[in-house]
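See below for the structure under consideration.
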Amino acid sequence: MENRQLDVVEVLLTGVCYDRNAELDENDLPPAIRTALWTGDGVSRPPKPDEDALAEAVGVDDPWAEISGLMFTDRDTFSGTISVTDEEMLEDWYLERADRVRFQNNPTLAYEYQDHADLALDYEQARDENRPVHADPQYIESQLDSYFDEDDEEMLDLVEVRAPAEIEITLDQLVLTQDQSTEVRKVAKAIEHRDYLAEIGLREIGKLLFVGPPGTGKTSVARGLAHQLDLPFVEVKLSMITSQYLGETAKNVEKVFEVAKRLSPCILFIDEFDFVAKTRTSDEHAAIKRAVNTLLKSIDEVSLIRDDVLLIGATNHPDELDTAAWRRFDEILHFPRPDETMRKGILDLVVSDIEIEDFDPDEIAAETSGLTGSDLRLVLREAVLSALVSDRTTLTQEDLLDAVEDFEERDHMRNLETIEEALEGEGEHEHDHDHAPTP
Ligand SMILES: Nc1ncnc2c1ncn2[C@@H]1O[C@H](COP(=O)(O)OP(=O)(O)OP(=O)(O)O)[C@@H](O)[C@H]1O
Ligand SMILES: [Mg+2]
């Protein structure tokens, strides 16, 4: 049951216990309480929560109203700071009212009261299960703030940084191939045991390349990993870095890696990796070549074991990648177009919140050979919209089959265009032959 008064008092008690135990750090504070006690770039000792921070973190409009009747707290009306006037009374009050779960879910309290026989608390477990500080949006923001001065701010347009809590996709919402699941498990274990890996000198690990056609889940899996592993997600598109601020691209590439190292542990996701190959072969501006070389060098220099940065590259055009790029990745993970079984799995996932009469995913899966996960989502969207046009929020199997047909027609037209282009190309070719020198 929700109890706001207890919530507010828990923040105050946590602050008191945090102050008492210098060996505790920010990772011992539950995320909401960390947010309430956060000032600028961390939680100082003693923490001095003010009303606004408390209100936001605990989710009450007026935190002082919740606790003003208690004898052990006080408020500075000028600064809005809420303080504890009698720690012993506060402790007795809380111990009498809070259940064991509240203590066990709060590492700072689990630490302070671990000798309390009735509660039987496990501090290590509480800390393991608590979301780490590097996953908090406000921590990421403060790191970025302190790293980028005003001149550098445009750099932040090139990278997108997301806190794990801000990532919507999770790995359970994706249908993975056997290889993909195995790799995901390997990466998770490697991150968990990186001290051990460093000890045994295994450093060639933690650079993955995702290869596959558009819409097969490369970006989604990378984000899902960040969510699952509670790691900040730093995303860059190579075309963006190398197209803006031409003269400064090499410097920008370096900065992207510095951001990642600064936010570590984190995932650095470099999309459109084939852009490297393109820029190496064409003779473009010298500045771009420098940038590409800087990129390759930066990849060499970043390490999961040393820097806590997991690097994931993604490409739709593996054929365009040269060996210099390939050999920098220690694991290549394929994202094929889904087979029938996977398509059925994806359909089951994407329709989970939608009512469909006579739904037969096997039939749809059989009819959608060649479609990707992203295509299947589009098909479903189409079906939902056409049902809405006839004022229905319950779909039928027929709606879905129609949407598949529509999709394939559109896809067919798109292919026709490319075939036409191809034919034109052929034509020119033959034309050349016609004008071959006469013997
Ligand atoms: N295997 C899958 N299971 C579930 N959903 C999928 C799968 N593959 C793709 N999707 C869905 O398709 C959409 C597009 O996927 P995503 O952006 O991850 O593809 P991508 O491989 O990164 O494509 P691109 O190469 O164009 O960047 C997402 O909404 C995603 O949820
Ligand atoms: Mg993508």
Side-chain angles (χ1 to χ4, degrees), residues 1-87 89-95 97-113 121 123 126-146 163-166 230 232:
M1 206 196 74
E2 119 182 52
N3 186 330
R4 289 170 171 170
Q5 188 181 45
L6 264 180
D7 289 344
V8 178
V9 175
E10 182 179 349
V11 178
L12 297 177
L13 178 61
T14 305
V16 166
C17 298
Y18 188 72
D19 191 33
R20 268 183 207 163
N21 298 288
E23 59 278 30
L24 297 181
D25 64 32
E26 277 104 348
N27 288 313
D28 291 299
L29 298 166
I33 295 181
R34 198 153 59 208
T35 309
L37 303 180
W38 195 267
T39 45
D41 58 355
V43 175
S44 52
R45 285 185 164 89
K48 293 196 187 95
D50 68 15
E51 284 177 280
D52 291 345
L54 267 174
E56 194 191 321
V58 185
V60 296
D61 293 335
D62 185 355
W64 179 241
E66 301 290 336
I67 56 168
S68 58
L70 303 174
M71 301 297 287
F72 47 80
T73 58
D74 197 10
R75 173 181 60 154
D76 180 329
T77 37
F78 182 66
S79 64
T81 307
I82 293 177
S83 56
V84 175
T85 50
D86 188 332
E87 293 186 5
M89 207 192 255
L90 162 73
E91 283 185 274
D92 291 345
W93 187 94
Y94 192 80
L95 279 163
R97 287 165 182 78
D99 57 12
R100 178 181 179 274
V101 178
R102 275 191 179 263
F103 287 92
Q104 183 57 42
N105 288 344
N106 180 327
T108 297
L109 298 185
Y111 184 83
E112 175 77 25
Y113 300 106
L121 300 168
Y123 163 66
R127 186 167 153 115
D128 279 351
E129 286 172 4
N130 194 45
R131 194 175 86 202
V133 64
H134 64 252
D136 286 358
Q138 84 265 18
Y139 173 79
I140 292 174
E141 222 159 85
S142 67
Q143 290 293 304
L144 292 177
D145 275 354
S146 64
E166 297 168 319
D230 258 335

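Reckoned from all heavy atoms, side chains included, excluding hydrogens, waters and symmetry mates. What you see is a predicted model, and the numbers here were worked out from it, not measured in a lab.
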| NZ-CG distance between K48 and D76, expressed to the nearest 0.5 angstrom | 11.0 Å
| task | Would you indicate whether the side-chain heavy atoms of V133 and V43 approach each other to under 4.5 Å? | result | no
| field | Pairs flagged by ring pair (Phe, Tyr, Trp, His ring centres under 6.0 Å) wherever residues 7-59 is involved - sequence neighbours left out | value | none
| query | Is there side-chain contact between Y123 and L24, with at least one heavy-atom pair below 4.5 Å? | reply | yes
| said: Using only atom types and a distance under 3.5 Å, with no angle test, would you say the side chain of T81 pairs donor to acceptor with the backbone of D50? | reply: no
| Ionic contact status for R102 with D7, cut-off 4.0 Å | yes
| field | Residues forming a salt bridge (charged side-chain N to carboxylate O under 4.0 Å, His left out) with R127, sequence neighbours excluded | value | D25, D28
| request: With side chain to side chain contact (heavy atoms under 4.5 Å, CB included) as the test, would you mind laying out the steps for T73 and W64 before giving the verdict? | output: CA-CA 9 Å; T73 58; W64 179 241; 3.6 Å; yes
| query | Quick one: are I33 and E10 in side-chain contact, heavy atoms under 4.5 Å? | reply | yes
| field | Where A126 and Q104 come nearest, the two heavy atoms and their spacing | value | CB-O, 3.2 Å
| For the atom pair CG (N130) and CG (L29), what is the distance rounded to the nearest 0.5 Å? | 8.0 Å
| task | Could you tell me which non-hydrogen atom of P30 sits nearest to which non-hydrogen atom of N105, and how far apart they are? | result | CG-O, 4.0 Å
| message | Is it true that E26 and Y139 share a donor-acceptor pair across their side chains at a distance under 3.5 Å? | response | no
| field | Side chain to side chain, L37 and V11, heavy atoms closer than 4.5 Å | value | yes
| message | When you compare the side chain of E141 with that of D136, does any pair of heavy atoms fall below 4.5 Å? | response | no
| Is there side-chain contact between N106 and Y111, with heavy atoms separated by less than 4.5 Å? | no
| remark: Here the gap from T35 atom OG1 to L54 atom CG, rounded to the nearest 0.5 Å, amounts to 11.0 Å
| said: Using modelled atom types and a 3.5 Å cut-off, is there a donor and acceptor pairing between side-chain atoms of N21 and backbone atoms of E23? | reply: no
| said: How close do H134 and P232 get, counting heavy atoms only, and between which atoms? | reply: O-CG, 3.1 Å
| request: In sequence, state the C-alpha distance, the side-chain angles, and the governing distance for C17 and L109, and then conclude on side chain to side chain contact (heavy atoms under 4.5 Å, CB included). | output: CA-CA 7 Å; C17 298; L109 298 185; 3.9 Å; yes
| request: For the residue pair E91 and Y113, establish whether any side-chain heavy-atom pair is separated by less than 4.5 Å. | output: yes
| field | Q5 (side chain) donor-acceptor with E66 (main chain) under 3.5 angstrom | value | yes
| task | Would you please name every residue forming a salt bridge (charged side-chain N to carboxylate O under 4.0 Å, His left out) with R75, sequence neighbours left out? | result | E51
| field | Verdict with reasoning, V9 to L90, per side chain to side chain contact (heavy atoms under 4.5 Å, CB included) | value | CA-CA 8 Å; V9 175; L90 162 73; 3.4 Å; yes
| said: For P164 versus D230, what's the shortest heavy-atom pair and its separation? | reply: CG-C, 3.5 Å
| Heavy atoms from other residues, nucleotides or ligands near CD of E56 exceed 12 (cutoff 6.0 Å) | no
| note | In short, E112 meets R20 closest at the heavy-atom pair OE2-NH1, 2.9 Å
| field | Validation row: D128, P107 side chains within 4.5 angstrom (heavy atoms) | value | no
